[in-house]
There are 2 protein chains.
Amino acid sequence: MKNFQPIKQVKASDEVSNQLRHAIFEGRYLAGDKLPSERELIETFKVSRTVVREAIKALEARGLVLIKQGATGGAFVKELTFERLTNDCKDLFFLGKMSFDEICQARLSIEPIVAGLAAKHCTPEQAKLLIEANDNESNTLEYPETVMLRSRVHYLLADMCNNRFLTAIDKSLIQLVGTISSQFQPDTDKIHPPGMHNSIIDAVIAGDEAGAEKAMREHLLEFLLLLEGIESDYRNNKVD
Amino acid sequence: MKNFQPIKQVKASDEVSNQLRHAIFEGRYLAGDKLPSERELIETFKVSRTVVREAIKALEARGLVLIKQGATGGAFVKELTFERLTNDCKDLFFLGKMSFDEICQARLSIEPIVAGLAAKHCTPEQAKLLIEANDNESNTLEYPETVMLRSRVHYLLADMCNNRFLTAIDKSLIQLVGTISSQFQPDTDKIHPPGMHNSIIDAVIAGDEAGAEKAMREHLLEFLLLLEGIESDYRNNKVD
DNA sequence: AACTATTTGTTCGTATGTATG
DNA sequence: GCATACATACGAACAAATAGT
């Protein structure tokens, strides 16, 4: 006589939140669309404003909508990107569930594969973008605000692998390594000399899958070796 | 003269939510601990009950706490696991941001690496567990409720790779492929004959890294080939 | 510049449901 | 049954942000 309990003791705000979520999943609200206003939702669901607000707050916390205040405000459906995965990974890292070393090793495992796939699918337009990005790297040294451009080649390759899951994971790892390492090693740009992506790009443009994998692995090994100076405390512990 | 806007326009509920989140990250509240009750938080933060509730709701939506009501109720810190990553991946899949094919291909890329790492770190105890799980697979055919045990070898290997990030991603992929494929192909168990993991396990126990990678790749190719019968509509479209 | 309309953000008071002892 | 401690829910009111007139 067990396992009979559930009976549904659903919280109103969860029900509202779920219905809205499914509406988004069904495509009834597309990225950029505005959900009904609080007042409308109150009338539709016949619940209090508190319930509606908690429901929308939950959607916001899950990264599904963006709330804007004011006359043209409301809850707008967000374009889902890899940032959500990145945030989750950050949470796990800060909770001590993953070390920096593990993230680096994961990147070392996955990014060469991505580079190989990119070589497989490289189009002339993409090749052009890669070359451009690589040439611009030398210019970024004197513009601190463009430091992020240093990773542009990596992001481009991630986009070229033709697999959105791997793209998302790879971008998450790239960003994670970047943000974490720059927190206690602000001079990361110094150890990132221009021209180091040349061999990777050559292989990718040539469509040399194995070569791209190898070049990427070597590049990462070299780069990660330069990060060794970081205190081992930071590598395995939490940072804030 | 751009990029000057921020100035901090923090919402009270976000501020409360963030402070609680950081408290959890700092280890001031461990898994299982109860956060202060609503009343206490109201006094601590000097805000209204609504604000506190919205903040906690946001933490719940992010999967950080579990809310229970009643005399012993409250917001309890959850043990973070890979399930959160899995849920995010599911959201992305349902939103049409990833196809089933992409998930399968990602698994095909990552799981062999994981198997290789497992071979590298395999201990005698883990070898024992693997053999046990493999032997039990033949028994699961007549017990429908134990179908999940069929994936046990995969989960064990994921746990053995000594990299919690790869473990999380791999488990997410295993579970995703399982839940999605079983939705429109309930007979997945039929096409999963016992003994097919033998060569993988042999290589892992022998510590043969390259062999384990190869065996896993071949196993997955074989398995995924058997899923070809699935309507291509489902493979690229949304399911609910 | 001032006013207005719309929408979200915040507060308070009150009442109800649920689990424990 | 009852008291207690907690979350859940409602409704009214006011504050603040934003866009258009």
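In this text, all values refer to a predicted model and were calculated from it rather than measured experimentally. Chain letters run A, B, ... following the sequence lines, proteins first, then strands; residues in each count from 1. Note: hydrogens, waters and symmetry copies are ignored here, and every other heavy atom, side chains too, is used.
Remark: P of D:dA5 and NZ of B:K34 are 12 Å apart, rounded to the nearest angstrom. For B:I42 and C:dT11, the CD1 to P distance is 10 Å, given to the nearest whole Å. Separating the CD1 atom of B:I67 from the C1' atom of C:dG17 is a distance of 16 Å, rounded to the nearest angstrom. In this structure, NZ of B:K11 is placed 13 Å from C1' of D:dA16, rounded to the nearest angstrom. Between A:E38 atom CD and D:dA12 atom P there is a gap of 16 Å when expressed in whole angstrom units. Spacing between atom CD of B:E40 and atom C1' of D:dA5 amounts to 11 Å, rounded to whole angstrom units. Computed from coordinates, the A:E60 CD to C:dT7 P distance equals 18 Å when rounded to whole Å. For A:Q69 and C:dT8, the CD to P distance is 9 Å, given to the nearest whole Å.
Here the side chain of B:D170 pairs no donor or acceptor atom with the backbone of B:T167 at under 3.5 angstrom. Remark: side-chain polar atoms of B:E54 are not paired, donor with acceptor, to backbone N or O of B:V51 under 3.5 angstrom. Counting only distance, with no hydrogens or angles, the side chain of B:T44 and the backbone of B:E40 share a donor-acceptor pair below 3.5 Å. With hydrogens and angles disregarded, a donor-acceptor distance shorter than 3.5 Å links the side chain of B:Q126 to the backbone of B:T123.
At D:dT8, one or more side-chain N or O atoms of B:R53 fall inside 4.0 Å of OP1 or OP2 (strictly under the cut-off).
Looking at heavy-atom distances under 4.0 Å, A:S37 makes contact with sugar-phosphate atoms alone, never a base.
Across the interface with DNA chain D, nearest-nucleotide mapping of B:K68 and A:T50 shows B:K68 to be the residue nearer the 5′ end. Nearest-nucleotide positions on DNA chain C place B:E54 closer to the 5' end than the other of B:E54 and B:R49.
From A:C89, atom SG reaches atom CZ of A:F94 across 11.5 Å, with rounding to the nearest 0.5 Å.
For B:E102 and A:N163, the side-chain atoms include no donor-acceptor pair closer than 3.5 Å.
Residues satisfying the salt bridge (charged side-chain N to carboxylate O under 4.0 Å, His left out) test with A:D159, not counting sequence neighbours, are A:K171.
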Give me the distances for all protein-to-nucleotides 4-6 of chain C N/O pairs that come in under 3.5 Å?
| from | atom 1 | to | atom 2 | distance (Å) |
| --- | --- | --- | --- | --- |
| C:dT6 | O2 | A:A71 | N | 3.3 |

